[in-house]
Amino acid sequence: MDGFGSDFSSGAAGSGKMDPGTIMEQVKVQIAVANAQELLQRMTDKCFKKCVGKPGGSLDNSEQKCIAMCMDRYMDAWNTASRAYNSRLQRRERDLTTQLSAALPVPPENRRKRLWSKVYQARATWQ
Amino acid sequence: MDTQGVTADPQLQQFIEVESQKQRFQQLVHQMTDVCWEKCMDKPGPKLDSRTETCFINCVERFIDTSQFILNRLEQTQRGRGSLSETMSD
């Protein structure tokens with residue numbers, strides 16, 4: 001995390017103290033960058049496999065067109081997967097909430113806390 | 001850096017938990033997109049047709065079902081072992 005390290009030093013240079021707000025913003029940026037990198041890496045892998053046959057001296061026109069389409073389809077696929085997973089999580093939270101409020105034997109305190117923390121965790125993913 | 005101060009800050013603690021959860025979500029989406037691409041995508045076309053899209057949605061659902069199935073069955077096998085499951089359930 002070299003970028004993160006250098007950001008730290010430049011931010012702290014003037015004040016000598018990092019406030020939580022700045023830390024949080026920088027962490028968010030780093031996370032976003034990491035996610036973008038992951039996405040690009042996987043996309044490159046998939047589209048290379050789909051579009052490039054026996055590697056020639058350069059990428060020909062058909063290969064380039066294929067890669068361009070592949071990129072868009074990969075984004076579509078990613079968004080579809082994201083939505084589907086999100087719906088599934090929301091459904092699971094509804095089920096968990098139903099379970100908690102149903103007239104079941106009351107679980108012991110620690111198990112009840114764990115069930116609630118599951119609900120909060122699920123909710124946190126789409127806040 | 002005052003590590004005691006950082007971890008004692010409830011705002012940062014909350015932030016870490018929320019971001020970690022978001023990141024787990026993102027990672028799973030990356031993984032499922034990858035796996036389902038192999039299962040569902042033939043030749044990339046000008047758009048995502050409905051059959052492919054349905055395949056992706058089913059794939060995500062079945063992936064989660066598989067994960068759940070594995071966890072449940074693991075729990076069952078452990079419960080069958082008696083006292084071991086008592087100590088492991090925390």
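Chain A is the first sequence line, chain B the second, and so forth, proteins listed ahead of strands; every chain is numbered from 1. Remember, it's a predicted structure, so these values are computed and weren't measured experimentally.
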(Q) Under the criterion side-chain hydrogen bond (donor to acceptor under 3.5 Å, both in side chains), I'd like the reasoning laid out for A:Asp95 against A:Thr98: C-alpha separation, chi angles, the key distance, then a yes or no. (A) CA-CA 5 Å; A:Asp95 292 345; A:Thr98 313; 5.0 Å; no

Q. Backbone N or O of B:Cys55 within a donor-acceptor pair of the B:Lys39 side chain at under 3.5 Å?
A. no

Q.
Looking at A:Cys47 and A:Cys66, is the distance between their SG atoms under 2.5 Å?
A. no

Q. Do any of residues 67-85 of chain A have a heavy atom less than 4.5 Å from a heavy atom of chain B, and if so, which, in residue order?
A. A:Met69, A:Cys70, A:Arg73, A:Tyr74, A:Asp76, A:Ala77, A:Trp78, A:Thr80, A:Ala81, A:Ser82, A:Arg83, A:Ala84, A:Tyr85

Q: For the pair A:Lys50 (side chain) and B:Met41 (backbone), establish whether a donor and an acceptor sit closer than 3.5 Å, ignoring hydrogens and angles.
A: yes

Q.
Does A:Gln41 have more than 12 heavy atoms from other residues, nucleotides or ligands lying within 6.0 Å of its CD?
A. no

**Q.** Residue pair A:Ile31 / B:Gln23: nearest heavy atoms and the distance that separates them
**A.** CG2-OE1, 3.2 Å

Q) Taking B:Cys59, B:Gly45, B:Cys36, B:Cys40 one by one, which has the highest count of heavy-atom pairs under 4.5 Å against chain A? A) B:Gly45

Q. Side chain, backbone, both or neither: which part of B:Asp49 has an atom under 4.5 Å from a heavy atom of chain A?
A. neither

Q) Partners of B:Gln21 by side chain to side chain donor-acceptor pair (under 3.5 Å), sequence neighbours excluded? A) B:Arg24

**Q.** Winner by heavy-atom pair count (cut-off under 4.5 Å) against chain A, out of B:Val29, B:Leu28, B:Val60, B:Asp42
**A.** B:Val29

(Q) Counting only non-hydrogen atoms closer than 4.5 Å, does B:Glu38 touch chain A with its backbone (N, CA, C, O), its side chain (CB onward), both, or neither? (A) side chain

Q. So which of A:Met43, A:Lys28, A:Lys46 has the biggest tally of heavy-atom pairs under 4.5 Å with chain B?
A. A:Lys46

Q. Does the pair A:Asp45 and A:Lys49 meet the rule for a salt bridge (Lys or Arg N to Asp or Glu O under 4.0 Å), with working shown?
A. CA-CA 6 Å; A:Asp45 181 69; A:Lys49 283 184 178 141; 3.1 Å; yes

